[in-house]
2 protein chains.
Amino acid sequence: MILAGEIRPGEPVYEVHYAKLLGMSRTPVREALQSLARDGYLEELPDRGCVVPTRSADDIREFFEMRQILESAAARLAAQRATDEEIARLKSLCDAYVGEGDLSRWQEIGAQFHAVIVAAARNRRLVQELASLRTQIDLSRRSVIHAGDPWREAAVDDHRAICEAIAARDEEAAYAAAERHVIHSYETTIRAWQPASLSLRKSS
Amino acid sequence: MILAGEIRPGEPVYEVHYAKLLGMSRTPVREALQSLARDGYLEELPDRGCVVPTRSADDIREFFEMRQILESAAARLAAQRATDEEIARLKSLCDAYVGEGDLSRWQEIGAQFHAVIVAAARNRRLVQELASLRTQIDLSRRSVIHAGDPWREAAVDDHRAICEAIAARDEEAAYAAAERHVIHSYETTIRAWQPASLSLRKSS
DNA sequence: TGTGTGCAGTATGTATACACAGAGTACACG
DNA sequence: CGTGTACTCTGTGTATACATACTGCACACA
């Protein structure tokens, strides 16, 4: 419901309310809320329950900084460890972009592209952390009014560069390409949000 | 109790048992267990409760890989953002090593050293993630018999190198030095555990 | 002898009742 | 008219009772 935007940032989340709404008792609702709070979808106030957190510009910066760190590391490890099948799959996903006009299908391809890379890094904790981060970022994006499609700009070129670097087993190139990709994503996001913004570290 | 080694890996953790032991009802115990499970200190089995997880060599590799990724990123950001006060504090901590013979005091200095760097990176999520990782690694170390002090070898030199790179505002040097430091830590840990081991990515 | 079914026993999942803490408000007093 | 205090109301923190699922064993049957 938070992800679907049915509960808006700043809004309090009462246990009894959602227990009634969902037809269950407070206990499982309570546990779910704690779980959500641990993952950052809710903020717990002592003795005063939960609220959906509102993200500051600094929060967004930190999220993208983490994403930059982890995605670039994933790309580097993928360049080292990806199987030939995984590389072939990355290439075919890159090619799938060109003829695609539908936005949701487009995002689906992008998600699969990233999933293959992270999986190729062979690190479960990294997979988990990036998934969490990705959801957080999507959530932050949603809590903000932005017009049009925020991606799509240089993303295809970025993806192709990452793909080629991994295929060439060039760890540093894959690292740098992934870094650039996250920077682009950050810039489009923050531009759609507010003019003044902090910048991430540029790739050298 | 898990950290203190009072509950050993593989051992089941029953709600009622610890409720009685701690003089509370099942509810808060249950919530605590879920909290611990979310942080990786316990493994939850469906309808069968919790056990303290046993770590495989692959788990250790993944932990250190993550630590390498995050610590090096933290060092790079610290080189960019640390205040002069923080740099001075790093230097004094480095100097504090030399005259120190006591192991626990020595570890305390090391922990402070890392804390200053991570704080200087100005990213709360990074702080949190590294703290969690660090505890996990300590826990994994403890679940294993190892003789003597596993650190101390090249750690002082490593710390000094990191400190100098940050003081010089050299981001890439700080990054590489932190990477090397984690590799050393991994190697001593895995050597104390079992001879055959996977290796982390070497710093280029 | 092997396999499948049924029956406890135990521990978790859920519901509910009660206790407590915090916020807001009304009222009394200076 | 301002300030402090007590009261109430709301919602969370905790305890306990009941329901359910899984495991192991025993027993019957092929």
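Below, read A as the first sequence line, B as the second, and so on, with proteins coming before strands; counting in each chain starts at 1.
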Residues in salt bridge (Lys or Arg N to Asp or Glu O under 4.0 Å) contact with [X], at least two apart in sequence or another chain:
X	answer
Arg48(B)	none
Glu108(A)	none
Arg38(B)	Asp39(A)

Which donor-acceptor pairs under 3.5 Å do the side chains of residues 115-123 of chain B make with protein atoms, sequence neighbours left out?
| residue | atom | partner | partner atom | Å |
| --- | --- | --- | --- | --- |
| Arg122(B) | NH1 | Glu86(B) | OE2 | 3.2 |
| Arg122(B) | NH1 | Ala119(B) | O | 2.8 |
| Arg122(B) | NH2 | Glu86(B) | OE1 | 3.0 |
| Arg122(B) | NH2 | Glu86(B) | OE2 | 3.3 |
| Asn123(B) | OD1 | Arg125(B) | N | 3.1 |
| Asn123(B) | OD1 | Leu126(B) | N | 3.1 |
| Asn123(B) | ND2 | Glu62(A) | O | 3.3 |
| Asn123(B) | ND2 | Glu65(A) | OE1 | 3.0 |

### Task
Could you list all the ring pair (Phe, Tyr, Trp, His ring centres under 6.0 Å) pairs where at least one residue sits in residues 111-137 of chain B, not counting sequence neighbours?
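Only Phe113(B)-His159(B), His114(B)-His159(B), His114(B)-His181(B) qualify under ring pair (Phe, Tyr, Trp, His ring centres under 6.0 Å).
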
### Task
For Val29(A), report the nucleic acid contact type (base, sugar-phosphate, nothing); a contact means any heavy atom under 4.0 Å.
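Val29(A): no heavy atom of the nucleic acid under 4.0 Å.
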
Are there any protein N/O atoms within less than 3.5 Å of an N/O atom in nucleotides 13-18 of chain C, and if so, which ones and at what distance?
| residue | atom | partner | partner atom | Å |
| --- | --- | --- | --- | --- |
| dG13(C) | OP2 | Arg30(B) | NH1 | 3.0 |
| dG13(C) | OP2 | Arg30(B) | NH2 | 2.7 |
| dG13(C) | N7 | Arg26(B) | NH2 | 3.0 |
| dG13(C) | O6 | Arg26(B) | NH1 | 3.0 |
| dA15(C) | OP2 | Ser25(A) | N | 2.8 |
| dA15(C) | OP2 | Ser25(A) | OG | 2.9 |
| dA15(C) | N7 | Thr27(A) | OG1 | 2.9 |
| dT16(C) | O4 | Thr27(A) | OG1 | 3.4 |

